[in-house]
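The structure appears below as structure tokens.
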Amino acid sequence: MITDLLSTPLMLAAAPKAHAPVEVGHGPAWVLLIPFLALLGSALCGVYAATGVETKLPAWTTVGLLAAAFVTTVFMALGFEAPYTVKAFDWINVSWGHGDSAAAFVANFSFYVDTLTIYWMLFVTGLATLIALYASEYMSHDIGTGYNRFFAAFGLFVFSMACLVMGDNLIMLYLGWEGVGLCSYLLIGYFYKKPSAVAAAKKAFIVNRIGDLGLALGIYLIFVHFGTVEYAALFSDPKLLGYVEAAKLGNFDQIPAIAQTIPLLLMVGAFGKSAQFPLYVWLPDAMEGPTPVSALIHAATMVTAGVYLIARTYPMFLASEHALPVVAWIGTITALLAATIGMAQFDIKRIMAYSTVSQLGFMFAGLGVLTPYGAAYHTLTHAFFKALLFLCCGAVMHGFAGQLDLRKLSGLRRVKGWGIVTIGMFVGCINLAGVPFTAGFFSKDVILAETFVTPGTAVIGWILLLTAGMTAYYTFRVFFRVFMGPVHFEPGDEAHDHDHGHDHGHDDAHGHGHDHDHGHGASHGEQHHHDAGQHGDHHADHFHPHAPGWAINTVLIVLTVISLIASGLYFVGGSEEAHSKNYAGTMIYESSASYHSPYDKHAFEATYIAAPGDGPRGEIAKYQEMPIVGGDPHKMMYYVSGVIGVVGIVLAWWFHLAGRTTAAECRMDKVARLFGPIPRWAENKWYVDEFYHAVFRMPLVIVSHLSHWFDKLIVDGLVNLFGLMPRLLGSLIRPSQSGLLQGYAAGMVGGVVVLLLVVLIVVARMGGAA
């Protein structure tokens, strides 16, 4: 596929030519504030923990410093003219050899700023600030040591993410990569007394190590082959630029195997961090962490690191014959698989987790079908509306004592105090479902359209369209079940057991959770409900939901507004030079992710593809129409995906809202029975975890136990045997060393007798021989 993509005559005419190496300038030192303000916040929270602070000071410190980092990022964006580096200090600088054989490995603690850096850091710092404000209220039940610990890890995560995105070399990227993995482990396992949270944290850490090995090997090979890990030198290296030019001609046989292997290894790292098949299984379990963690790390920022890695190193992927096709297909498979699982789940937070995995699949598919701009654009819009969805789910969980089962919640739009959450959830849902004229609609359509104009990827396009319809269905399944219909709710486990540890299960010294009035007086094991006609019935055994406070509502309002106005980015910030008509495409243009397929010229002209054979040298161009539907895919996709999204929403309304009289039952229950065990298989995640357990985990456990006993019995046994021999010899000699004088005399006499006997025997034998 990639050969066809890169070797057409039109590609040769339209693709950017290789540029000569350029000298990257040095930027202002104040750019260093962006990562180090976050690190300062983490350090201060550590000081607060050591000094026993039991107020919201850690939250306000973190919010203030992250807000300052966001403002600094805005100034960095406004003042940007050309790529530059900012050096903090010398870090790794090793040289060897002399003369022509001299070489060096340089990786300073420096930051590289181009439009891709700015693009990513704007939403990383902006969302981090908002989610920290949200967490100031959400985590207030745990004010004290736990509160300090949470915000210390929160700040450390933002610092690590800044190193990953802003680092000027691959070692800095790897430092940030491992840093966000560590923070993810700490925050998923925040409730360390809860076994499921601890297991989820370990699962995330171990699965990510598999991908990280691929990334490490890729970085090693980059240095071995190109002699540098610094971006400025790497992306202007004549060798790499030559490979890209050879790829455009379809001459992959001229590109060394090592250069084509590098992106395959980097891809493994990206699959692990961004939860792509087959390494996606850690992300849904990561929902055991507090909801602000789910929103920041596992929806909006850290999981996009894999997308960033491929976008940052895109020239290397262009130089590989197989890397981009694999990326496209893995993304497509992940998107579809996660959507099928999300349709069958009942935990609303877990549904959003599988939705995140699916949407990340869309982004990887975009990278694979030659639209890094589309992938980056969807990353931006998804970051805002998915954070909004997670935070709305968190507000529900926070107010209903940990309840997340959509069969036990209904009609929340009619419950006092939940209007803002309802509106926020609706806005997030229409974006995720791709309702026409929303930000999610525009960004998703860029990827979908590209699949139908890029040769060899139409099948991917149809699969993603099906996935888009499924996404609209399961998204509004949540909205119609939880926020519409008759009013009914049951509290979660936290109403009965404050020590349960689920999201806000830690109590203060008096045994009551801060900022919570729910659950008091609730009898253990009893189900509680509140119908619309029972507002005046407030007995002690009735559950009263806790409506969000000002901090949560403020963040939800801001994200709702941003998610709505983000659709305007599709119409502003265009640049004819960048072959883009919107902000995202223009930002990507001046970076290493800049790549404009000749099939992606819809922004300013119709799409044409050179058709060799239609005329001499292929001068006659043939219009590329969308299969079955016809017309320009970039125009027709507005209608096709819009209709599919609306159909998905209508189906969700019919099966989960129309005629529903209870929270637990709906029309889909009868339909699901017609499919036999399939819905149960999907609800159990197609038993992928069980498969991994049987095929990988248990054999490794068995081998580890066998290795343990081999080490203990054979290796240690031989060592112990050799150690025992001197002891046995000593025990035999020990009686002769009694310390008694007469014993030594008897020994001497005995020795003389033995010697005499030996001499007599020898003399006798010699005499006989004579």
Closest non-hydrogen atom pair between F252 and A247, with its separation: CE2-CB, 3.7 Å
Under 3.5 Å side-chain donor-acceptor pair for K386 and T356: yes
Any side-chain donor near an acceptor of the partner, S110 and W91, under 3.5 Å: no
Contact check, side chains of F105 and I171, non-hydrogen atoms, under 4.5 Å: yes
Side chain to side chain, T313 and S592, heavy atoms closer than 4.5 Å: no
Any donor-acceptor pair under 3.5 Å from W282 side chain to G272 backbone: yes
N169 (side chain) donor-acceptor with N108 (main chain) under 3.5 angstrom: yes
Any donor-acceptor pair under 3.5 Å from T371 side chain to G366 backbone: no
E230: partners by salt bridge (charged side-chain N to carboxylate O under 4.0 Å, His left out), with sequence neighbours left out: none
Pairwise side-chain contact, L234 with M316, heavy-atom cut-off 4.5 Å (strictly under): yes
Side-chain heavy-atom pair M172, F111 within 4.5 angstrom cut-off: yes
Flag for H378-Q359: side-chain donor and acceptor within less than 3.5 Å: yes
Reported CG-to-CZ distance for the pair L240 and F226, which is rounded to 0.5 angstrom: 4.5 Å
Exercise: identify the closest heavy-atom pair between A375 and M363: CB-O, 3.3 Å
Donor-acceptor under 3.5 Å (T334 side chain, Q276 main chain): no
Donor-acceptor pair, side chain of E450 and main chain of L448, under 3.5 angstrom: no
Donor-acceptor pair, side chain of S274 and main chain of L360, under 3.5 angstrom: no
Test log, rule side-chain contact (heavy atoms from CB on, under 4.5 Å), inputs L318 and Y314: CA-CA 6 Å; L318 292 172; Y314 207 68; 3.8 Å; yes
Side-chain ion pair, E178 and R209, N-O less than 4.0 Å: yes
Pairwise side-chain contact, F80 with E590, heavy-atom cut-off 4.5 Å (strictly under): yes
Set of residues satisfying side-chain contact (heavy atoms from CB on, under 4.5 Å) with respect to A38, sequence neighbours excluded: L66, V158, F159
Among L367, L264, I262, I310, side chain to side chain contact (heavy atoms under 4.5 Å, CB included) partner for F317: I310
side-chain contact (heavy atoms from CB on, under 4.5 Å) between V94 and V106, worked out: CA-CA 6 Å; V94 181; V106 179; over 6 Å; no
From OG1 (T381) to CG (L432), nearest 0.5 Å: 10.0 Å
Donor-acceptor contact below 3.5 Å, side chain S567 vs main chain T438: no
Heavy-atom closest contact (Y373 atom, Y570 atom, distance): OH-CE1, 4.4 Å
Minimum heavy-atom distance between L464 and A335, given as atom pair plus value: CD2-CB, 4.0 Å
Heavy-atom check, side chain of F109 versus side chain of K87, under 4.5 Å: no
Derivation of the side-chain contact (heavy atoms from CB on, under 4.5 Å) call for L164 and Y174: CA-CA 7 Å; L164 190 158; Y174 195 78; over 6 Å; no
Nearest-0.5 Å distance, CD1 of residue I297 to CD1 of residue I188: 7.5 Å
Residue pairs passing the salt bridge (Lys or Arg N to Asp or Glu O under 4.0 Å) test where at least one lies in residues 112-121, sequence neighbours excluded: D114-R312
Backbone N/O of S320 and side chain of Y243: donor-acceptor pair under 3.5 Å: no
Side-chain heavy-atom pair M161, T125 within 4.5 angstrom cut-off: no
4.5 Å side-chain heavy-atom contact, L215 and V268: no
Closest contact, heavy atoms only, G440 versus F385: CA-CE2, 3.9 Å
Residue Y220 excluded, over 12 heavy atoms near OH under 6.0 Å: no
Minimum heavy-atom distance between V207 and L279, given as atom pair plus value: CG1-O, 3.7 Å
Intermediate values then yes/no, side-chain contact (heavy atoms from CB on, under 4.5 Å), Y583 and Y377: CA-CA 9 Å; Y583 166 80; Y377 186 22; over 6 Å; no
Can you give the donor-acceptor pairs under 3.5 Å from side chains of residues 299-307 to other protein atoms, not counting sequence neighbours?
from, atom 1, to, atom 2, distance (Å)
T301, OG1, L296, O, 2.4
T304, OG1, W120, NE1, 3.2
T304, OG1, T301, O, 2.5

Crowding at OH, Y185 (>12 non-hydrogen neighbours, <6.0 Å): no
Exercise: do S641 and D445 side chains pair donor with acceptor under 3.5 Å: yes
Polar side-chain atom of Y692 near backbone of P278 as donor-acceptor pair, under 3.5 Å: yes
Contacts of K685 that satisfy salt bridge (charged side-chain N to carboxylate O under 4.0 Å, His left out) - sequence neighbours left out: D689
I460 CD1 to T454 OG1 distance, which is reported to the nearest 0.5 Å: 9.0 Å
I34 CD1 to I118 CD1 distance, which is reported to the nearest 0.5 Å: 8.5 Å
Side-chain donor/acceptor of T457 to backbone N/O of T451, under 3.5 Å: yes
Separation between OH of Y112 and OH of Y231, rounded to the nearest 0.5 Å: 9.5 Å
Residue list, ring pair (Phe, Tyr, Trp, His ring centres under 6.0 Å) with Y280, at least two apart or on another chain: none
